[in-house]
Amino acid sequence: MTDPDAPRLYNTLTKRPEPLEPGPDGVVGIYVCGPTVYGPIHVGNARPFIVFSVLRRYLQRRGLAARLVSNLTDINDKIYEAARKAGVSSTELAERYGAEYVADTDRLGLGRPDLEPKVTEFLPEIVAMIQTLIDRGLAYAAGGDVYFRVDRFPGYGKLSGRRIEDMVSTDPGTAKEHPLDFALWKGHKPDEDAFWESPWGPGRPGWHIECSAMAEAALGRGFAVHGGGLDLVFPHHENEIAQSEGASGEPMAHIWAHNEMIELGGKMSKSEGNIVLLRDALDRWGKDVLITFMLRNHYRSKLPLSDEGLEDASRQVETIRNAVRSLDRGISSPGTAVDRELADALVRSRNEFFASLDDDFNTPRAFAALFELIRAANRAIDGPARPDAGQLRSIRSELVQLLDVLGLADLSAEDAVPAEALEMAGQREAARAARDFAEADRLRDAIAALGYEVRDTPEGPRVTPL
RNA sequence: GGCGACGUGGCGAAGUGGCUAACGCAGCGGUCUGCAAAACCGUUAUUCGCGGGUUCAAAUCCCGCCGUCGCCUCCA
């Protein structure tokens, strides 16, 4: 039973938007591929984190139960390599960067996924799934490794739109039956300092199997959404489908959702070296600007990272802050009217906001709805008949609720203004009353030197951070 | 070579068959202000990369071309 009003998300598998359907337990399960933790994460890695974290907030606000699971890959070639370079054990290195990933993404203030499984915690599940694949004839042990038998899985290539015949493997391997077969288990090599026992000898999981095993362990089979960066479509997600569906005979996930890449003269990527670290972007711009920057573009569009773009986002953020300030000013000196147009604008904006997000998580359109509401509010407050406190309070509260969906509720925080600046603002008022404008301007400059700006309003001066 | 995405005002970005092509930023003019700031009002694409075609009607569908980018190997 499909809910015709359910939010829709574009499905890479079917190339069209499809409704998000909760599982039998009523929960919308979302699995998102997280990073391999061999270094600090960059802004590109942050995009899926932000997009899917905000998606979960949205679904919850819409009254749906949503469970977000996002893994940390803490065992892989790059980790061995980085650990050797750093002169530490790979376990130590992965733990360190895993913790840094959590700390960096915590700064976004979007909450944590409900579960963040690590590969090293799911070895039994991984080994069991590999065994099932072998039992079903879809995998074979060879030379200490185990490979997936690609041509025995009929749907191979259905996600990425490839045919086995069209593909050329750059790593034919020596033990493989078919050049495109991929590793489920990699036999231990002498220079690898972390490995596990298995029925096929010591070693460690291949790259794709961990997500298949962890997603099923955390969300079961046939969960609602499997997400990640577009660059994961092939081979990672294609192989996940082969493994999970090969092992269970059931669909792994209903919707495969992929965010486009952040670009910095081409795709931002660690191996290309053209990266900006998330922590550096946060230091420079703050979380609200960064979230706004990400969400003002659709998640399925490429997003070039640029100072111009961030500055633009920064001004948008300032416009939102000013709107909340104006509402607060209005609430503290309210009028007596009930503004019909404002009331209508609220309903319209709210509906449009939710309709936009229902429509393939169209956050740019949701922002447009937000700004329509802001303009209506500003117009009412500065208009001839200011609304009464009740109406203004309800507008403020609704606006903050919408901001909160996007993770931007902090923009409604009160400005902390030091007493010194407030005192000078008072002195400036006295000077203005005495028409001593030279002194008034001097005091305004002095306040600016403290990092604050005076704005004269009909209700007296307001001091806000610059 | 194979697969795929995209090209909308100065910039960013919605819109994918039919209301005056949203919204944000920047600019310009105005209102307000002692001057500002903020805010509001007005203004900025007869037109949606280019060329054909389908249709009563296209930015939206089809064909061709040009350009940018991604995947095909580790990658969010």
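Treat the numbers as computed from the prediction; the structure is a model and nothing was measured. Numbers restart at 1 for each chain; the letters A, B, ... are given by sequence-line order, proteins then strands.
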Can you give one letter per nucleotide of nucleotides 2-8 of chain B, going 5' to 3': B for a protein heavy atom under 4.0 Å from the base, S for sugar-phosphate only, - for none?
BS-B---

For RNA chain B, find the residues of residues 392-418 of chain A with a heavy-atom distance under 4.0 Å and give them by number; none if there aren't any.
none

When you measure from every atom of RNA chain B, which of residues 378-387 of chain A have a heavy atom less than 4.0 Å away?
A/N378, A/R379, A/D382

Picking from [options], which would you name as closest to the side chain of [X]?
X: A/D312; options: B/A76, B/G15, B/G24; value: B/G24
X: A/T36; options: B/A14, B/A76, B/A26; value: B/A76
X: A/E263; options: B/C69, B/C72, B/A76; value: B/C69

Which atoms of nucleotides 58-63 of chain B (N or O only) lie under 3.5 Å from a protein N or O atom, and what are those distances?
none

OP1, OP2 of B/C25 versus side-chain N and O of A/T319: anything below 4.0 Å?
yes

Atom pairs, protein N/O to nucleotides 27-32 of chain B N/O, distance under 3.5 Å:
none

Only one of A/V317, A/L110, A/D410 forms a side chain to side chain contact (heavy atoms under 4.5 Å, CB included) with A/I291, so which one is it?
A/L110

A/D104 with A/R279: basic N within carboxylate O range, under 4.0 Å:
yes

With the criterion being N/O to N/O and under 3.5 Å, what pairs connect the protein with nucleotides 19-23 of chain B, and how long is each?
residue, atom, partner, partner atom, Å
B/C23, OP1, A/R375, NH2, 3.3

